[in-house]
Protein chains: 2
Amino acid sequence: MKKELTDLRLGVDNVIFSVDAQFNRLFVLLVKREQLPYKDYWGLPGTIVRQEESLEDAAYRILSEKIQLKNLYLEQLYTFSNRDQDSQVLYLSVSHFALLRYEETMLIGQNASWHSLLELPKLAFNHREILNYGYKRLRNKLEYSPIAFEVLPELFTLNNLYQLYCTILGENFSDYSNFRSRLLKFGFLTDSGTKAYVGIGRPATLYRFDPDAFAPLKDYPLLFV
Amino acid sequence: MKKELTDLRLGVDNVIFSVDAQFNRLFVLLVKREQLPYKDYWGLPGTIVRQEESLEDAAYRILSEKIQLKNLYLEQLYTFSNRDQDSQVLYLSVSHFALLRYEETMLIGQNASWHSLLELPKLAFNHREILNYGYKRLRNKLEYSPIAFEVLPELFTLNNLYQLYCTILGENFSDYSNFRSRLLKFGFLTDSGTKAYVGIGRPATLYRFDPDAFAPLKDYPLLFV
DNA sequence: ACAAAAGTGTTGACCATACACCCATGC
DNA sequence: GCATGGGTGTATGGTCAACACTTTTGT
């Protein structure tokens with residue numbers, strides 16, 4: 001019996017993205033480590049799984065210490081494992097992923113902050129690898145699922161939507177006018193009847209995402225890009 | 001310190017598919033359990049991770065006890081977790097996935113066998129859920145990656161390829177002649193110069209998959225279907 | 001009137017579908 | 001010759017990228 005068991009440390013690490021819709025910036029949540037190893041390095045918010053917790057419990061717990069959560073849905077990414085050569089302890093990290101609204105997310109405490117993906121510090125452990133994996137998943141979800149509408153306000157303009165896609169996928173992923181017609185043709189964006197007046201220029205139609213109209217499409221591999 | 005640790009049982013479970021190219025059948029590898037719980041039920045080949053093993057080691061070890069492995073590449077699927085309400089032990093199952101050639105795979109021992117997906121017995125634990133997850137991944141990989149060529153013989157006809165897709169994705173996923181031209185247009189199938197003479201009818205051209213010609217395409221989301 | 005931003009339309013190239021049809025072989 | 005399966009071609013309709021154009025606002 002003893003032979004079959006192994007010394008384990010089970011942890012969770014979270015790759016939490018947020019999009020600043022106003023200034024078109026993509027952020028990831030990092031925490032400054034206060035303990036060894038990698039003291040004073042930045043890393044992903046993670047923790048050891050405690051007695052009586054599930055994996056998801058642990059992931060939500062550590063996040064709730066760093067940011068205010070509401071309606072946060074975590075998705076499992078991948079399980080990274082690594083056995084320490086000296087101690088023979090097997091370290092397991094089950095990583096999770098989420099996308100939030102930057103404007104609605106309050107940070108708690110001093111040691112957590114949003115970092116642009118364009119200027120990342122050196123990260124602790126293999127967190128850079130986990131982050132890259134999460135970023136790949138983010139872009140993938142944006143193309144194949146309606147994740148964008150979870151992070152936009154209830155009413156949004158097509159330009160808001162387009163900017164969000166640009167921020168995550170990069171400029172020139174698609175022509176704006178073609179993006180418009182493709183999205184409108186799907187039929188799950190309904191005209192709210194109101195307009196967005198923002199200074200000079202023609203006011204933009206405010207749309208609303210209609211989950212019921214989207215539902216029948218959800219099993220098809222429709223491309224948003 | 002004690003408070004942070006949790007009673008853990010770490011296991012791996014494998015969803016191993018094989019395709020019988022000759023008779024167009026898709027199989028999954030199941031093992032008849034000899035111990036409690038779920039004694040005499042069929043289940044996925046899995047094991048507890050031992051001292052000094054990595055996750056992958058354990059996955060390959062249990063498979064090597066059931067089938068002859070050669071060039072088997074396992075891909076991680078998902079980590080299922082479940083805490084026992086009575087003992088408070090946290091059970092973790094890191095599942096893996098692979099696709100093999102039925103014709104080249106020798107089973108070892110009496111308690112492992114191939115089962116058609118169309119007539120599955122009741123499975124132990126949550127193995128039905130894991131299997132469904134793996135099946136979804138299999139179909140997905142077939143559409144977006146050249147996994148089919150790992151499982152076909154070195155020389156194959158376009159009809160062999162088409163039959164393989166039919167077996168996994170179901171009939172009528174695409175017209176045969178359109179499937180032909182789409183695949184040939186990619187340019188990574190090279191005419192071997194030889195023909196397959198199988199009884200009556202015009203002999204079919206034998207093709208070979210060219211990894212070098214495929215390489216530049218690998219980062220594009222090309223659709224095989 | 002003019003600039004700015006939203007929104008529409010047009011064009012040509014490409015691609016998918018559903019077939020019809022031709023080709024090479026065994027009997 | 002003819003059945004059988006391999007392989008090619010084609011007409012239609014749709015989709016996509018690029019870009020020109022029109023509309024509605026503030027100043």
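As rounded to whole Å, 15 Å separates atom P of D:dT15 from atom CG of A:Leu183. Counting to the nearest Å, the P atom of D:dT22 and the OH atom of A:Tyr176 are 19 Å from each other. Atom pair A:Asn159:CG and C:dT8:P shows a separation of 14 Å (rounding to whole Å applied). Protein atom CZ of B:Phe179 is 13 Å distant from nucleotide atom P of C:dA16, rounded to whole Å. Look at NZ on B:Lys185: it is 14 Å from C1' on D:dT8, rounded to the nearest Å. Between B:Lys195 atom NZ and D:dG5 atom C1' there is a gap of 13 Å when expressed in whole angstrom units. As rounded to whole Å, 11 Å separates atom P of D:dA20 from atom CG of A:Asp175. Going from atom OH of A:Tyr162 over to atom P of C:dA5 covers 15 Å, rounded to whole Å.
Among residues two or more places apart in sequence or in another chain, the salt bridge (charged side-chain N to carboxylate O under 4.0 Å, His left out) test is passed with A:Glu119 by none.
Under the 6.0 Å distance and 45° angle rule, A:Arg139 counts as a cation-pi partner of A:Tyr135.
Distances shorter than 4.0 Å separate none of the side-chain N or O atoms of B:Tyr197 from OP1 or OP2 on C:dG26. Close to C:dT8, at under 4.0 Å from its OP1 or OP2, lies a side-chain N or O of A:Arg180. At the phosphate of C:dG26, neither OP1 nor OP2 sits under 4.0 Å from any side-chain N or O atom of B:Arg202.
Proximity of a side-chain donor or acceptor of B:Ser95 to a complementary backbone N or O of B:Leu77 within less than 3.5 Å is not detected.
Minimum atom distance to the side chain of A:Pro203 is reached by D:dT25, of the listed D:dG7, D:dT25, C:dA16. The side chain of A:Ile200 lies closest to D:dG26, out of C:dG7, D:dC19, D:dG26.
The residue from B:Phe186, B:Phe188, B:Phe149 that alone fulfils the ring-ring contact (aromatic ring centres under 6.0 Å, His included) condition with B:Phe214 is B:Phe188.
For A:Asn178 against D:dA17, a side-chain-to-base donor-acceptor contact under 3.5 Å is present. Between the side chain of A:Ser177 and the base of C:dG9, at least one donor-acceptor pair of N or O atoms lies under 3.5 Å.
Inspection of the A:Ser177 and A:Asp175 side chains reveals an N or O donor paired with an N or O acceptor under 3.5 Å.
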